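A short write-up of the structure that comes next.
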Amino acid sequence: LEVGGNKITVYGTVRLDAIVSDARLNHNQYSMWALSHDPSVTPAIDEDDGFIDINPRLTRLGVKVTRDSLPGWEGAQLLGLVEFDFQNRATNEIEGLESESRELPRLRHAYARLTRGGFSALAGQTSDLVSPLWPSVNGDGLMWNSGNLGDRRPQLRFGWEEPISDGATLTAAVAFARTGAIDRKNLDAAAGDTMKDGDDSGLPMIQGRVGLASLFEKTLDIGAWGHVGWEELQAPVAGEEEFMTSSVGIDIKLRLLDTLTIAAEAWSGRNLGDLRGGIGQGVNTTTGEEIAAAGGWAELAWQAAVPLTIGLGVAVDDVKDDDLTAATSRSRNLALYAWNRVDLGGGFALALEYIRWETDYLGVDEGRANRFNLVVTFSF
Ligand SMILES: [Ca+2]
Ligand SMILES: [Ca+2]
Ligand SMILES: [Ca+2]
Ligand SMILES: [Ca+2]
């Protein structure tokens with residue numbers, strides 16, 4: 001569709017996820033860790049307490065608008081994008097549970113991006129600049145808090161791309177983003193404060209990444225990145241009124257053969273709940289220390305035939321035990337996964353995913369879960 005120099009594209013995916021698990025996870029849909037089987041933990045959960053979940057929440061609809069030129073700025077191009085799905089966990093039932101038949105929209109992306117030559121500027125909400133890759137399984141939980149960092153948040157981003165040789169490109173970008181957009185941390189809520197601690201700091205989170213793209217005849221992409229952010233409290237927690245969040249990491253995507261690809265990320269940081277690390281644990285409120293963690297994930301995807309892709313992966317989020325004090329703290333989260341996907345053409349595809357979570361706790365029994373997910377999608 002073309003209107004007044006704007007090219008408008010509507011795109012989306014109709015999707016059903018059918019999930020079964022042989023043990024409880026933190027959540028049926030955005031699964032990230034296995035719950036402890038320890039009888040002392042409330043609520044006590046049987047080791048073999050499985051569940052089923054059938055949902056269309058990752059059905060997605062987007063609109064993309066592009067302009068090849070701007071009247072007042074020669075050579076500049078503009079892209080605008082708005083994308084929704086239906087994974088909104090707001091409760092709209094009197095019992096306080098989310099409705100599984102009146103699903104509410106969730107804003108995923110909403111941004112404008114200006115590019116001119118190698119320069120680009122982005123304003124709006126989109127993926128984090130750090131940890132830009134994600135695993136092929138768990139479209140909802142994205143293996144977050146199991147080794148994969150990086151969600152979506154409001155930000156202002158500036159980037160530069162410079163061709164270096166044979167189609168390879170050097171990229172550099174910096175983003176000023178919202179701290180607390182994910183974990184909504186408000187550690188002084190008990191003292192009556194109503195402002196999230198990231199907002200209270202008065203400072204944006206700063207994210208940066210440098211990368212080399214399309215190296216060695218477009219077989220290798222690599223990047224190094226990091227972030228830093230601040231949190232401020234009005235009432236001290238364990239004597240502390242200020243916290244920091246920070247990380248450093250790398251991402252790699254390597255095409256070994258035309259049909260064989262490796263993707264991986266590795267990272268280390270502190271107070272990572274807002275970036276989906278530290279198994280969802282940011283600050284120890286007993287000691288007032290930021291909780292350190294390190295982890296990553298790696299997967300191998302093989303296109304066995306034109307319509308069939310098979311993959312294997314491993315992911316880990318290892319929290320520094322010395323930074324934990326509560327027996328129910330999550331100390332290490334390991335996941336092993338496999339999937340296959342059949343592309344039936346015309347945008348119709350079927351996938352079957354298997355993920356095994358092994359979640360260890362500081363002082364209570366571990367959690368173990370085997371989760372299967374059938375995914376049916378029609379993308380357009
Ligand atoms: Ca990532
Ligand atoms: Ca606060
Ligand atoms: Ca303040
Ligand atoms: Ca650990």
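What you see below is based on every heavy atom in this structure, not just the backbone, and it leaves out hydrogens, waters and symmetry mates. Keep in mind the model is a prediction, meaning the values are calculated, not measured. Just follow the structure's listing: the first ligand is 1, and inside any ligand the first atom is 1.
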>> Angle at the Ca ion (ligand 2), OD1 of D197 to OD1 of N186, rounded to 10 degrees, please.
In response: 90°
>> If I consider every N, O or S atom in D193, which one ends up closest to the Ca ion (ligand 2)? I only need its name.
In response: OD2
> Charged N to carboxylate O under 4.0 angstrom, K7 versus D68?
Replying inline: yes
>> Given the ring of W33, does R330 sit roughly above its face, with NZ or CZ under 6.0 Å from the centre of the six-membered ring and within 45° of the axis?
In response: yes
> the Ca ion (ligand 1) to L133: any N/O/S contact under 3.0 Å?
Replying inline: yes
>> Under a plain distance cut-off of 3.5 Å, with no hydrogens placed, do N370 and R356 share a side-chain donor-acceptor pair?
In response: yes
> Do L149 and W144 touch side chain to side chain, with heavy atoms closer than 4.5 Å?
Replying inline: no
For residues 201-212, dump all side-chain donor-acceptor pairs below 3.5 Å to protein atoms at least two apart in sequence or in another chain.
unit_1	atom_1	unit_2	atom_2	d
S201	OG	G198	O	2.7
S201	OG	L203	N	3.1
S201	OG	L203	O	3.3
S201	OG	W230	O	3.3
Q207	OE1	L129	N	2.8
Q207	OE1	V130	N	3.3
Q207	NE2	D128	OD1	2.9
R209	NE	D251	OD2	3.1
R209	NH2	D251	OD1	2.9
R209	NH2	D251	OD2	3.4

> Is the count of non-hydrogen atoms from other residues, nucleotides or ligands lying under 6.0 Å from E217 atom CD greater than 12?
Replying inline: no
> Taking both backbone and side chain into account, is any N, O or S atom of D200 nearer than 3.0 Å to the Ca ion (ligand 2)?
Replying inline: no
> Any N/O/S atom of E232 sitting less than 3.0 Å from the Ca ion (ligand 2), backbone or side chain?
Replying inline: no
>> Would you say I252 ends up clustered with L256 if hydrophobic residues are merged whenever their side chains have heavy atoms under 4.5 Å apart, either directly or through other cluster members?
In response: yes
>> Suppose we only allow N, O or S atoms; which atom of E265 ends up nearest to the Ca ion (ligand 1)?
In response: OE1
> Just wondering, more than 12 heavy atoms not from F216 lying within 6.0 Å of its CZ?
Replying inline: no
> Do Y111 and L79 have side chains that get closer than 4.5 Å, going by heavy atoms?
Replying inline: yes
> Quick check: does L149 have an N/O/S atom under 3.0 Å of the Ca ion (ligand 1)?
Replying inline: yes
> Taking just the N, O or S atoms of D188, which one is nearest to the Ca ion (ligand 2)?
Replying inline: OD1
>> Surrounding CZ of R178 (heavy atoms of other residues, nucleotides or ligands, distance under 6.0 Å), is the total greater than 12?
In response: no
> With a cut-off of 3.0 Å, does M195 place any N/O/S atom under that distance from the Ca ion (ligand 2)?
Replying inline: yes
> So what's near the Ca ion (ligand 4), protein N, O or S atoms under 3.0 Å?
Replying inline: D318 OD1, V319 O, D321 OD1, S331 O
